[in-house]
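First the structure, in the form of structure tokens, and then the observations on it.
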Amino acid sequence: MTYQNQLTPSQREAVSHIEGPLLILAGPGSGKTCVIMHRIAALIASGVKPYNICAITFTNKAAEEMRQRVSVMGIATGSHISTFHSLCVRLLRQYADKAKINSNFSVYSSADQAKCIKQAVKICELDKANFPPSKMLDAISSLKNKLVTAESFKENATEFFPKMLARIYTQYQNILTKCDALDFDDLLMKTAFLLQDNPDVCSEIANRFKFLLIDEYQDTNHAQYKIAKSLASLHSNICAAGDPDQSIYRWRGADIGNILAFEKDWPDAVVVKLEENFRSKPEILKMADKLIEKNQNRKQKKLIPTKPPAADVAITEFEDEAEEADGIAQKIRQLVEQGISVRDIAVFYRVNSMSRTIEEAFIENQIPYQIVRGTEFYNRKEIRDLLAYLKVLVNPNDQTALLRIINTPTRGIGKTTIDRINVYAVAHNISFFEALGKVKDIESLSAAPKAKVAVFVNMLEKFQKYVSGNVKPDCNQKVAVIAERVFVESGLKKSLEVSGDTENSALENANELINAAALYDQQTEEASLLDWLQQISLFSDTDAYDASNERVSLMTLHAAKGLEFGNVFIVGLEDGLLPHERSSTDKDELEEERRLFFVGITRAKEGLYISYSRYRTIHGQMLRAVPSQFLYELGSDFVKTNSNAMQQQSEPSYTIDEIPEFFTGQAVKHEKFGYGRIKEFVDMGQSSIVVVRFNTGQTKKLMVKYANLSKVDIQ
DNA sequence: GGGAGAGCAATTTTT
DNA sequence: TTGCTCTCCC
């Protein structure tokens, strides 16, 4: 987004309210980020110390960008700019005793969480078929986001399932506590309770952060909301900015109600609407508007174009995903020939797995690209292994990390040995790490494993010497140096070299991690291994997106939030994909999918190319695909193949045939499922859909044109 | 203790 | 189709 020096009247208003609560309802492309910047500048100009400003962004990437811009604008740095999670890490470390945790806590990522929840389910002696660990984790996460602790949930659980969940939740928390570990949700929950239960701490922090700015407020969850409210309750200088139409993280506990109810929470709040759009051409906005107005649960908002018309907008049908990918590649080549930079082109998709076909087409067509992907890098085995070593050095109680490295690379310490050590640890009521140190006392172990464990323990002790002095801020040992030494001396490097597959990318990745550490050393004043580990556990690869790369960007629609490109491709506009099949039954979830598509559309400045395929391979099977209902919602103007925009040969699949209409309650018969009644009929012409409840008890969603339903006359 | 092979499911999105 | 887990066997 380019900087406007001259603000529009509404933008100026948003900037000028210094004191008191302020809500900025900003549409896409309204220059919201820019306004926030100006506001920070205005605060400082009016005498507020940078130190007293706390700006909260949604991603680390956004925080980094804002930090940069603040310094570019010549505003004295020193304000706190970070995500909620980073802020929580800092606060929890600072007030660890009040929060009743150890300050050297590990932050558990989803992979670590998965291990702990499995263990918890196992300890509870529950069947993982009936209590799938991932589902349990989702449930626990959502409880934590609502600030429901294991204890309070247990008290209120009366039914069978909640009771079992309470047991698992309690057990899961026990495991985390034993490891001195916090998961992402704990970071928020513990901070919210820290502020709630310690008024002194709360006022101390609120006194430092006298001015609170929160971006993407529509995607805050209850815990984040409470944290913000606690801090702001003392001074009311809270500025929330966001767009309810761009709320796409409901599945993660985000509550769109937070932004919708801001005016109730802060009755004297000033509300500023930013409805002008400086990003997209009118045709694109018209499309976005047409789509989003189908959502029931929203506040009416205008999208006012400021750019002249003549956008390139197309909806194109392809035969299958390979042709779709190829069509996009061809179109991109065309755009490049017209002088458009690949840097200004992006491809969005609903699920990460869809990137593969596109990558293949890009490689074939020699189009440079970068994938902006979730947590791929930090999920790699070699990265997690190396990090596990470092985590153990900082937090020896981190049993998940310890178990990961005890036999990686293989050093002959197997399951049996580990089990026996564990039995000893439990019997003597000491931690697993402590038991390792007393390995010679463990009678169940014979000489050989004892010796192997001793070697391992010696190695860890040696490593800890590298670190000691580093856990505290007064360190002089560089994080990168420690990481490098551990990488080499643990044998990890050697094992990667030996097993070096084709290109040995594992080795490269590990080196990249060490490089990242070196960068951190350089940029951070009080660098420490602990701080680095706690910070990077919050990173994702989305943060690695580099806008200056001469490459086409590939990313999920979620990752596209907050970005903009001259030309945007959105692929796979098919039923089951967008809206995703797991979200298509629930009305609220369907609205969120619609918002997701809305976010994708409104990233585009000049060109928007939407496509879908008639066939798509899912789990290795080529299946017939149905165009997304969202395409029909865009209206008849849009539902056509625009062969100028994207060249391809297949014929438009829409011929106007007679499609029977149904009404709710109508009795029908299906060849396979037998008799049933219509629950819902969605009239979309050729693609009309019926939801039928069959007498077998099943409810099916069917395409009328394929279902071959016959109407039955029964009362 | 570790590797090979069978069997089974299918993570949507990410701090 | 892939990728993961579990079991079995050396």
Side-chain angles (χ1 to χ4, degrees), chain A residues 56-63 82-89 107-111 113-114 118 128-129 132-135 137-138 141 144-145 182-189 191 216 219-221 223-224 247-254 348-357 372-376 378-379 381 406-420 446 448-449 452 499 534-543 555-562 572 576-584 589 592-593 595-597 599-600 616-623:
Chain A
I56 296 173
T57 57
F58 190 72
T59 62
N60 290 300
K61 180 82 195 167
S82 79
T83 61
F84 261 111
H85 287 84
S86 288
L87 174 67
C88 292
V89 165
V107 179
Y108 272 10
S109 65
S110 35
Q113 289 183 66
K118 273 182 197 160
K128 65 183 174 201
S134 61
K135 293 262 165 58
L137 204 52
D138 282 348
S141 169
K144 286 184 178 179
N145 286 156
L182 303 182
D183 64 19
F184 284 137
D185 306 311
D186 282 333
L187 293 175
L188 300 175
M189 185 166 76
T191 307
E216 310 286 7
D219 277 322
T220 51
N221 62 33
Q224 292 167 325
S247 165
I248 52 175
Y249 282 89
R250 204 181 89 101
W251 51 274
R252 214 175 73 186
F348 304 153
Y349 34 80
R350 178 65 236 265
V351 297
N352 277 309
S353 60
M354 291 167 74
S355 71
R356 249 186 71 176
T357 329
V372 182
R373 191 170 287 180
T375 51
E376 185 119 307
Y378 292 99
N379 266 334
K381 188 185 173 305
I406 193 166
N407 201 28
T408 311
T410 51
R411 48 176 72 88
I413 304 174
K415 194 174 174 298
T416 320
T417 310
I418 291 169
D419 282 347
R420 286 176 181 164
S446 53
K452 285 170 180 167
S499 70
Q534 289 182 341
Q535 286 300 317
I536 62 164
S537 41
L538 303 175
F539 283 2
S540 76
D541 289 1
T542 323
D543 304 321
M555 66 188 87
T556 63
L557 284 159
H558 282 89
K561 173 182 176 133
L577 222 40
L578 187 65
H580 195 273
E581 59 182 337
R582 298 176 101 91
S583 305
S584 51
E589 286 180 4
E592 174 143 318
E593 295 286 309
R595 290 195 293 269
L596 192 55
F597 188 26
V599 166
R616 188 168 294 272
T617 315
I618 293 171
H619 303 316
Q621 270 189 312
M622 187 73 111
L623 296 175

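In what follows, every chain begins at residue 1, and chains take the letters A, B, ... in the order their sequences are listed.
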Walk me through it: do A:Arg582 and A:Glu589 pass the test salt bridge (charged side-chain N to carboxylate O under 4.0 Å, His left out)? CA-CA 9 Å; A:Arg582 298 176 101 91; A:Glu589 286 180 4; over 6 Å; no

If you apply the rule ring pair (Phe, Tyr, Trp, His ring centres under 6.0 Å), what do you find for A:His558 with A:Trp251, and how did you get there? CA-CA 12 Å; A:His558 282 89; A:Trp251 51 274; 5.8 Å; yes

At 4.0 Å (heavy atoms only), tell me whether A:Lys118 reaches a base, stays on the sugar-phosphate, or touches nothing. sugar-phosphate

The side chain of A:Trp251 is closest to which nucleotide in this list: B:dT14, B:dT15, B:dT12? B:dT14

In this structure, how many angstroms lie between the P atom of B:dT11 and the CG atom of A:Leu137, rounded? 15 Å

Please confirm whether any donor atom in the side chain of A:Arg350 sits under 3.5 Å from an acceptor in the base of B:dT13, or the reverse. yes

Would you say the side chain of A:Thr417 lies within less than 4.5 Å of the side chain of A:Asn407, judging by non-hydrogen atoms? no

Interatomic distance where CD belongs to A:Glu216 and P belongs to B:dT14 [whole Å]: 15 Å

Check: A:Glu216 and A:Thr59 side chains under 4.5 Å, non-hydrogen atoms: no

Between N or O atoms, less than 3.5 Å apart, protein on one side and nucleotides 6-10 of chain C on the other: list the pairs.
| from | atom 1 | to | atom 2 | distance (Å) |
| --- | --- | --- | --- | --- |
| C:dC6 | OP1 | A:Lys128 | NZ | 2.3 |

Measure from the side chain of A:Thr83, starting at C-beta and using heavy atoms only, and say which of B:dT15, B:dT12, B:dT13 lies closest. B:dT15

Donor-acceptor under 3.5 Å (A:Glu592 side chain, A:Arg250 main chain): yes

How far apart are the C-alpha atoms of A:Arg252 and A:Phe184, what are their side-chain angles, what is the distance that settles it, and do they pass the side chain to side chain contact (heavy atoms under 4.5 Å, CB included) test? CA-CA 11 Å; A:Arg252 214 175 73 186; A:Phe184 284 137; over 6 Å; no

Once you round it to whole Å, what is the distance between C1' of B:dT14 and CZ of A:Arg582? 16 Å

Are the side chain of A:Asp186 and the backbone of A:Asp183 linked by a donor-acceptor contact shorter than 3.5 Å? yes

With nearest nucleotides of DNA chain B determined for A:Ser134 and A:Leu188 from heavy-atom distances, which residue corresponds to the more 5′ nucleotide? A:Ser134

Rounding to a whole Å, what distance do you find between A:Asp138:CG and B:dT13:P? 12 Å

Euclidean distance for C1', C:dT5 against B:dT12 (whole angstrom): 23 Å

Under 4.0 Å: is that the gap between some side-chain N or O of A:Thr556 and OP1 or OP2 of B:dT14? yes

If only atom types and distance count, is the side chain of A:Arg411 paired as donor or acceptor with the main-chain N or O of A:Ile406 below 3.5 Å? yes

Name all residues meeting the side chain to side chain donor-acceptor pair (under 3.5 Å) criterion together with A:Ser141; count only those two or more places apart in sequence or in a different chain, and write none if there are none. A:Asp185

Any donor and acceptor pair, going by atom type alone, linking the side chain of A:Arg350 with main-chain N or O of A:Leu578 inside 3.5 Å? no

Nearest listed nucleotide, side chain of A:Val351, among C:dT5, B:dT14, B:dT12: B:dT12

note: A:Ile248, atom CD1; B:dT12, atom P; distance rounded to Å ~ 17 Å

Within less than 4.0 Å of OP1 or OP2 of B:dT12, is there a side-chain N or O belonging to A:Asn352? no

Send over the distance from A:His558 NE2 to B:dT13 P, rounded to a whole Å. 9 Å

Which of B:dT12, C:dT5, B:dT14 is nearest the side chain of A:Ser583? It is B:dT12

Calculate the interatomic distance between A:Leu187 atom CG and B:dT15 atom C1'; express it in whole Å. 9 Å

Rounded distance (Å) that lies between atom P of B:dT12 and atom OH of A:Tyr249: 16 Å

Which atoms of nucleotides 1-4 of chain B (N or O only) lie under 3.5 Å from a protein N or O atom, and what are those distances?
| from | atom 1 | to | atom 2 | distance (Å) |
| --- | --- | --- | --- | --- |
| B:dG1 | OP1 | A:Thr417 | OG1 | 2.7 |
| B:dG1 | OP2 | A:Lys415 | N | 2.9 |
| B:dG1 | OP2 | A:Thr416 | N | 2.8 |
| B:dG1 | OP2 | A:Thr416 | OG1 | 3.0 |
| B:dG2 | OP1 | A:Asn407 | ND2 | 3.3 |
| B:dG2 | OP2 | A:Asn407 | ND2 | 2.8 |

